[in-house]
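Atoms within a ligand are numbered from 1 in the order they appear, just like the ligands themselves.
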Amino acid sequence: RRSFSALAGSRSAISAFSGTSVTGGTTKNFIGGEFTESKSTEYFDVLDPSTQTLLSRVPQTTTSEFEQAVDAASHAYKSWSRTSVLARQRFALELQYLLRQNADAIASSIVLEQGKTVADAHGDLLRGLQVVETAVGITSNLLGDHIAVSKDMDTHVRRLPLGVCASIAPFNFPAMIPLWTIPMAAVTGNTLILKPSERDPGAAMIIAELCQRAGLPAGVLNIVHGGIPTVNAICDHPEIKAVSFVGSDRAGKRIYDRATQNGKRVQANLGAKNHAIIMPDANRNLTLNSIAGAAFGAAGQRCMALSVALLVGEAKNWVPELIERAKKLKVNGGFEPGTDLGPLISPAAKDRVTGLIASAEEQGGKILLDGRNVQVPDYPKGNFVGPTILQADTSMKCYQEEIFGPVLVVLSVDTLDEALEIINNSRNGNGASCFTQSGATARKFETEVNAGQIGINVPIPVPLPMFSFSGNKGSFLGDCNFYGKGGINFYTQNKTVTSLWRAEDALGQRASVDMPTHD
Ligand code: NAD
């Protein structure tokens, strides 16, 4: 049964925010501090992935609206970049409070538009909120360098903002990813144009209103919606100095190339295929629960989802138990109590995932657990796929591609070295985990594995925001990672000032043409 009362309550909580719609109206842009109706003639439908009900229509922002947003951000930059660091810190403090107060509305918007469970939607928000909480430390984190370099001469570094920046977000974390960039850009003194995913923009709209209530001046954050034309406008606009992108490999490579060719600084977090090595000495219960949770949670629509299990030696005998644990996970609408996996984002995503499952069998693999015909009686139109486990090898499409669904590929290998070789030959490098009780194995794994975020008995090793999100290989393009020190570096540039204040005139009458060395 659908929890209608919970849903009705959540719809009204979401509707209290100006930019959102849950009843088939339009999602607004947010430009210069105003929630504005676009004049566009082109819209994207946002559908509830459990029911296909139309929730909202998202505009393809027009060229002139985009220009207005850049003008607003450019104008606001003049004063915001000179606002005291304490005022910017205060904004982050207020925002974290308001996000907590309005967590239910944000989570409901995520469940409604994206489909994940209520608990997982709160996790989505919380991981973003933690970035806001760390951004509060900007007064310490922006402290610069200074040294008296020679007699009467000092050098100090000013860490300055870049100007107007832009952030392009994916559908799978509608709150967390906007919150990776909004606080970091704002506390460092930049202004921002955010383009949320056109598939689930509601959480970003609520966050924008909360930023305004937290005292962020008009124009510091602007939201423009749309698809590829908006992305291209961001990559091409000369006033935009930096672009943060999170999303698929395909979009990310194009955006990285186009924006860097236009002289912009870019950080791009891309796709993934995360492996876990399961050693036969691992704690069986912890390992099996961790693998099932990380492979199938959020219906596998996480960039850190665990999608390949490498079973070393005798660990291959654990597969039947893994299947049993996967079977116990409940597939249902995200608002329903007890749900473990909600629907995929769209019918097209479901077709793609089921096609990749079929390809495993066509290419000689085995479907050990098949979630394609999962029954969800109260949601007959939902884009559901149940937990699926495939036995495959590394040449198959189901291994090669990021499936982005609740599908785990299992491979049996004889040794740790063999497992490491598979991971190190794989294209992406977001995360990799090893389950073992041996310190020596863990240390060898940590040292030799080539991926950016490593878990030892931890299935989803996404670093908390005092660190940075450090995917590598094909999972990242750019030089500075998201949030943490990487985020501050990304959103700032150094100005190094050398000054001479000498009481007496000791330089004599003649100009020196030699390179000054100051020693
Ligand atoms: P996506 O690439 O389809 O969309 C991301 C953004 O790019 C959206 O705002 C979209 O409008 C825009 N876009 C889409 N196609 C484009 C194109 N051809 N040219 C220009 N812009 C385009 O990604 P998605 O489906 O929304 O998100 C899922 C993907 O994101 C997965 O691959 C996942 O691994 C990845 N992801 C990565 C991380 C990470 O931190 N590495 C985090 C979350 C998601």
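Side-chain atoms of T61 and N29 include a donor-acceptor pair closer than 3.5 Å. For the residue pair S18 and E209, a side-chain donor N or O sits within less than 3.5 Å of a side-chain acceptor on the partner.
In this structure, K264 does not pair ionically with D236, as no charged nitrogen and carboxylate oxygen lie closer than 4.0 Å. Between E133 and R100 there is a salt bridge, since a side-chain N of the basic residue sits under 4.0 Å from a carboxylate O of the acidic one.
Annotation: D249 places no N or O atom under 3.5 Å from an N or O atom of ligand 1; distance criterion only. In terms of polar-atom proximity, defined here as any N/O pair under 3.5 Å, G271 makes no such contact with ligand 1.
A distance of 6.0 Å or more separates the ring centres of H225 and F66.
A169 O, 3.2 Å is the protein heavy atom nearest to atom 8 (C) of ligand 1. Of the protein's non-hydrogen atoms, the one nearest atom 20 (C) of ligand 1 is V231 CG1, 3.6 Å. Looking only at heavy atoms of the protein, atom 7 (O) of ligand 1 is closest to F245 CE1, 3.4 Å. Looking only at protein heavy atoms, the nearest one to atom 34 (O) of ligand 1 is E402 OE2, 2.6 Å.
Just one residue in the list K28, E65, R57 forms a side chain to side chain donor-acceptor pair (under 3.5 Å) with S38, and that residue is E65.
The residue F476 has no part lying near ligand 1, judged by heavy-atom distances below 4.0 Å. Contacts between Q301 and ligand 1 below 4.0 angstrom, taking non-hydrogen atoms only, are absent altogether. Heavy atoms of N232 found under 4.0 angstrom from ligand 1: none, in either backbone or side chain.
Contact annotation: F482 has no heavy atom less than 4.0 Å from any atom of ligand 1. The closest approach between any non-hydrogen atom of F173 and ligand 1 is not below 4.0 Å. Put simply, no part of M304 is less than 4.0 Å from ligand 1, judged by heavy atoms. For W180, the heavy-atom gap to ligand 1 drops under 4.0 angstrom.
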_For R254 and D249: C-alpha separation, side-chain torsions, deciding distance, then whether salt bridge (charged side-chain N to carboxylate O under 4.0 Å, His left out) applies._
CA-CA 9 Å; R254 289 184 50 186; D249 288 355; over 6 Å; no
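Comparing S197, A251, C303 against atom 39 (C) of ligand 1, the shortest heavy-atom distance belongs to C303. For atom 29 (C) of ligand 1, the choice among S248, G252, P229, S167 with the nearest heavy atom turns out to be S248.
With contacts defined as side-chain heavy-atom distances shorter than 4.5 Å, the pair M304/I460 qualifies.
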